[in-house]
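Let me begin by presenting the structure, written as structure tokens, before commenting on it.
Excluded from the calculations below are hydrogen atoms, water molecules and symmetry mates; all remaining heavy atoms, backbone and side chain alike, are included.
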Amino acid sequence: MRALALDIGEVRVGIAASDASGAVASPVRVLPAQEVLSCSRTFRRILEDYEPDVLVCGRPLTMAGEDGPQADRVMGQARRIATSCDLPLEFADERLSSQEAKRILREEGYSERDMRGRVDMVAASLFLQAWLDARKA
């Protein structure tokens, strides 16, 4: 089962995908949020290339495990995207995924400026991998 993950932000959406067996998540791309929300040609091409069976979107939770201030907006957008793509939707805890993505990119030598476009897709791959691992357990 192949999954496509979206880290939905106000400006950008990080995209990650699993391999066909659903074992390993990898960063794919970052697109402007409006392109994903409008299901632009670029986003449709990603859907065609990866042929996902499920859409996994990050759910912004507080450290206490409750929906954060962005949760309603993100979850509503995720539902609209899933409906327009005709894909089942799952949510994954995205707590600390951006901080961990920044740490990884810093270790790889990226500056704050250079990592700006990469953080979202790395964060999406991190919460997708956690989601995949939880399904196997």
Side-chain angles (χ1 to χ4, degrees):
M1 174 204 51
R2 189 180 299 262
L4 192 73
L6 302 179
D7 183 11
I8 301 172
E10 290 184 33
V11 177
R12 293 178 295 275
V13 175
I15 303 170
S18 72
D19 60 345
S21 69
V24 179
S26 300
V28 171
R29 187 150 184 209
V30 175
L31 290 176
Q34 199 51 45
E35 287 189 26
V36 177
L37 294 170
S38 67
C39 221
S40 73
R41 183 179 327 143
T42 309
F43 183 60
R44 286 194 319 268
R45 192 171 302 129
I46 290 170
L47 291 169
E48 291 167 5
D49 288 347
Y50 289 92
E51 297 179 343
D53 300 302
V54 63
L55 194 62
V56 179
C57 292
R59 184 175 187 161
L61 299 174
T62 65
M63 293 309 289
E66 299 167 351
D67 283 338
Q70 298 293 324
D72 287 341
R73 177 186 62 81
V74 168
M75 291 170 64
Q77 290 174 334
R79 287 184 187 101
R80 285 191 294 279
I81 295 166
T83 298
S84 70
C85 299
D86 196 28
L87 286 170
L89 175 64
E90 299 270 340
F91 287 99
D93 183 352
E94 69 169 29
R95 279 181 287 186
L96 303 177
S97 61
S98 293
Q99 288 81 357
E100 179 65 9
K102 286 180 183 179
R103 186 192 64 74
I104 290 168
L105 291 168
R106 263 190 228 101
E107 284 181 3
E108 291 180 5
Y110 288 97
S111 69
E112 288 290 323
R113 181 183 172 130
D114 290 339
M115 71 172 82
R116 194 173 303 140
R118 293 176 170 85
V119 169
D120 300 309
M121 68 179 175
V122 173
S125 71
L126 291 171
F127 69 70
L128 177 57
Q129 188 64 57
W131 183 85
L132 293 168
D133 293 346
R135 288 183 54 89
K136 286 187 179 183

How far does [atom1] of [X] sit from [atom2] of [Y], to the nearest 0.5 angstrom?
X      : Y      : atom1 : atom2 : value
Leu61  : Met63  : CG    : CE    : 10.0 Å
Gln77  : Leu37  : CD    : CG    : 4.5 Å
Met115 : Arg118 : CE    : CZ    : 10.0 Å
Glu100 : Leu96  : CD    : CG    : 8.5 Å
Cys85  : Leu47  : SG    : CG    : 4.5 Å
Asp120 : Ser98  : CG    : OG    : 6.0 Å

Open item on the list: Is any side-chain heavy atom of Val28 closer than 4.5 Å to one of Met121?
Closed with: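 No; the side chains remain at least 4.5 Å from each other.
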- [ ] Measure the shortest side-chain to side-chain distance between Ile8 and Cys57 over non-hydrogen atoms and say whether it is less than 4.5 angstrom.
- [x]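 Side chain of Ile8 against side chain of Cys57, heavy atoms only: contact under 4.5 Å found.
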If you look only at distance, which donor and acceptor atoms sit under 3.5 Å apart when one is on a side chain in residues 13-20 and the other is two or more places apart or in another chain?
| from | atom 1 | to | atom 2 | distance (Å) |
| --- | --- | --- | --- | --- |
| Ser18 | OG | Ala3 | N | 2.8 |
| Asp19 | OD1 | Ser21 | OG | 3.4 |
| Asp19 | OD1 | Gly22 | N | 3.1 |
| Asp19 | OD1 | Ala23 | N | 2.8 |
| Asp19 | OD1 | Val24 | N | 3.0 |
| Asp19 | OD2 | Ser21 | OG | 2.9 |

Just distance, no hydrogens or angles: give the donor-acceptor pairs under 3.5 Å from side chains in residues 130-137, sequence neighbours left out.
| from | atom 1 | to | atom 2 | distance (Å) |
| --- | --- | --- | --- | --- |
| Asp133 | OD1 | Gln129 | NE2 | 2.9 |

For [X] and [Y], work out which heavy atoms get closest and say how close.
X      : Y      : value
Asp7   : Ala124 : CB-CB, 4.0 Å
Ser97  : Leu126 : O-CD1, 3.6 Å
Ala25  : Ser125 : CB-O, 3.5 Å
Phe127 : Val56  : CE1-O, 4.0 Å
Asp67  : Ala71  : CB-CB, 3.5 Å

Is [X] linked to [Y] within one hydrophobic cluster, defined over Ile, Leu, Val, Met, Phe, Trp and Tyr using a side-chain heavy-atom separation of less than 4.5 Å?
X     : Y      : value
Leu87 : Leu4   : yes
Leu6  : Val30  : no
Leu55 : Leu128 : no
Val74 : Val122 : no
Met75 : Leu89  : yes

Open item on the list: Could you check whether Arg103 pairs with Glu107 (Lys NZ or Arg NE/NH1/NH2 to Asp/Glu carboxylate O, under 4.0 Å)?
Closed with: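 Yes, charged N to carboxylate O under 4.0 Å.
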TODO: Verify the neighbour count for atom CG of Asp72: are there more than 12 heavy atoms of other residues, nucleotides or ligands below 6.0 Å?
DONE: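 No, the 6.0 Å shell around CG holds no more than 12 heavy atoms from other groups.
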TODO: Could you tell me whether the side chain of Arg95 and the main chain of Thr62 form a donor-acceptor pair under 3.5 Å?
DONE: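 Here the side-chain-to-backbone pair exists.
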TODO: For the pair Arg2 (side chain) and Tyr50 (backbone), establish whether a donor and an acceptor sit closer than 3.5 Å, ignoring hydrogens and angles.
DONE: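 Checking the backbone N and O of Tyr50 against the side chain of Arg2, a donor-acceptor pair under 3.5 Å is found.
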Task: Partner residues of Glu112 under the salt bridge (charged side-chain N to carboxylate O under 4.0 Å, His left out) criterion, sequence neighbours left out - done: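 Partners of Glu112 by the salt bridge (charged side-chain N to carboxylate O under 4.0 Å, His left out) criterion, ordered by chain and then number, come out as Arg106.
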